[in-house]
Amino acid sequence: MPKADYLQLADAIAAEIDDGRLKPGDRLPPQRSFAYERNIAVSTASRVYTELLRRGLVVGEVGRGTFISGEARRGVAAPGEPHGARIDLEFNYPLLADQTALIARSLAGLDQPAVLDAALKQGTSVGTPAARSIAAAYLSQGAWSPAPEHLVFTGNGRQSIAAALAATVPTGGRCGVEALTYPFIKGIAARLGIGLVPLAMDEGGVRPDAVEKAHREAHLSAIYIQPAVQNPLGTTMPAARRTDLLRVVEALDLPVIEDNIYGFLDDAPPLAALAPERCIVLDSLSKKAAPGLTLGFVVPPAQLREGVAAAVRSGGWAASGFAFAAAQRMMADGTIAELVRLKRRDARARQKLAAERLAGFEIQANDRCYHLWLTLPPHWRSQSFVAAAARRDIALTPSTTFAVSPGHAPNAVRLALAAPAMEQLDAALRTLAGMLNAREDDFYGTE
């Protein structure tokens with residue numbers, strides 16, 4: 001069948017979604033049945049479903065089928081923005097009740113004319129010698145101490161990802177990523193013209209053999225992974241897996257883009273402690289301090305530093321002078337270190353509460369982190385569960401948001417535990433436990 005014909009079929013399904021004949025949550029027939037009904041080849045039906053997945057009109061769940069998502073999107077789907085749900089378990093920005101006062105004390109005097117004059121000047125991709133020295137000391141973790149002269153700065157963590165990708169993967173190239181990964185990398189890669197190749201995972205993180213297979217089949221230029229407190233699964237890669245993975249990427253001559261944004265919650269140092277010439281470490285302040293106070297860090301090997309800095313300049317991703325001034329104060333006087341100490345304690349308390357309220361259900365969690373992965377009972381689908389929670393004014397994230405391959409999402413949701421007050425979190429977890437114990441049909445019947 002010519003390309004135009006299978007696109008016409010996809011357009012016809014899109015029209016049925018648009019005029020309401022197909023509604024969010026409706027299940028499409030299996031591809032073989034769809035082919036029989038439309039009198040087309042099964043291979044053509046597969047192309048139609050792939051096109052619908054690409055447009056974001058449907059979502060696929062492993063072992064359950066293909067369902068109408070109800071969202072007509074152009075290009076790559078991006079996660080939304082906070083939308084005012086009463087209890088937000090979707091976005092993960094930890095804000096402690098007393099942290100604003102702590103930050104204010106650190107920033108006292110920044111409004112003085114002479115100080116402010118310097119802070120309002122344009123920042124650069126490499127900052128100042130003082131900023132690099134302070135940041136290098138602050139970023140040091142365990143056996144890893146970055147060299148100040150290697151540091152590059154960006155406006156935030158997402159810009160750090162973009163700069164690292166732009167510096168290591170050419171337009172049209174491919175980057176290996178965890179099969180379930182930080183969702184914003186999908187949009188970043190699409191805008192850079194980079195293809196993402198999913199890497200199979202197990203309880204230890206990315207499998208080294210999956211990297212070998214992906215490189216053999218797709219010729220990767222780099223891999224992007226989260227070895228510490230992985231988002232969305234919360235896992236921290238064990239020492240043996242780190243050694244095995246680094247052995248493979250060394251043999252394949254692949255750079256490793258190592259996202260350490262949540263690493264402050266764990267004691268494990270970055271992979272760069274074992275392979276400093278192989279790893280590009282990314283970090284930022286938004287989780288440690290506050291989402292409104294951002295500064296991104298990139299620590300590349302010496303041979304990649306100029307390429308990363310050039311990517312920051314050409315992308316317009318340099319941090320502002322004010323961000324430099326505020327971050328430099330907070331790193332130097334111990335404010336960030338104190339916030340990290342308090343947030344590590346807070347994360348443990350929230351995980352403990354979640355474990356108690358969701359006891360008996362299948363959860364994957366790290367008692368050090370701010371999120372957990374909840375596998376749903378067979379009688380719930382992730383999209384339906386998220387929609388049902390939203391009607392209870394609880395915002396969650398379905399597994400499809402994190403899946404690199406459309407149609408390969410497990411039947412699960414991620415719960416971000418950081419944002420609500422503890423009493424709100426307790427109420428939300430109790431509500432979700434009640435929903436999990438009810439059948440989907442029974443739940444809708446009580447609406």
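Residue numbers run from 1 in the order of the sequence given.
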Electrostatic pair D426:R430 at N-O distance under 4.0 angstrom: yes
Please tell me whether R414 and N231 have a donor and an acceptor in their side chains that are separated by less than 3.5 angstrom. yes
Pairing donors with acceptors under 3.5 angstrom, does anything connect the side chains of D259 and Y224? yes
Is there a side-chain contact between T100 and L95 in this structure, where contact means two heavy atoms from C-beta onward sitting under 4.5 Å apart? no
Taking atom types as modelled and ignoring hydrogens, do the side chains of R158 and Y182 form a donor-acceptor contact shorter than 3.5 angstrom? yes
Is the closest side-chain donor-acceptor distance between T294 and S286 under 3.5 Å? no
When you check the gap from the basic side-chain N to the acidic O, do D346 and R350 get nearer than 4.0 Å? yes
Can you say whether the rings of Y138 and F297 are parallel (under 30°), tilted (30 to 60°) or perpendicular (over 60°)? tilted
Closest non-hydrogen atom pair, V312 against A318: CG1-N, 3.6 Å
Checking N260 against Q141: is there a side-chain donor and acceptor pair closer than 3.5 Å? yes
Looking at Q364 and E203, would you say the former's side chain and the latter's main chain have a donor-acceptor pair under 3.5 Å? no
Between S284 and N156, a side-chain donor and acceptor under 3.5 Å: no
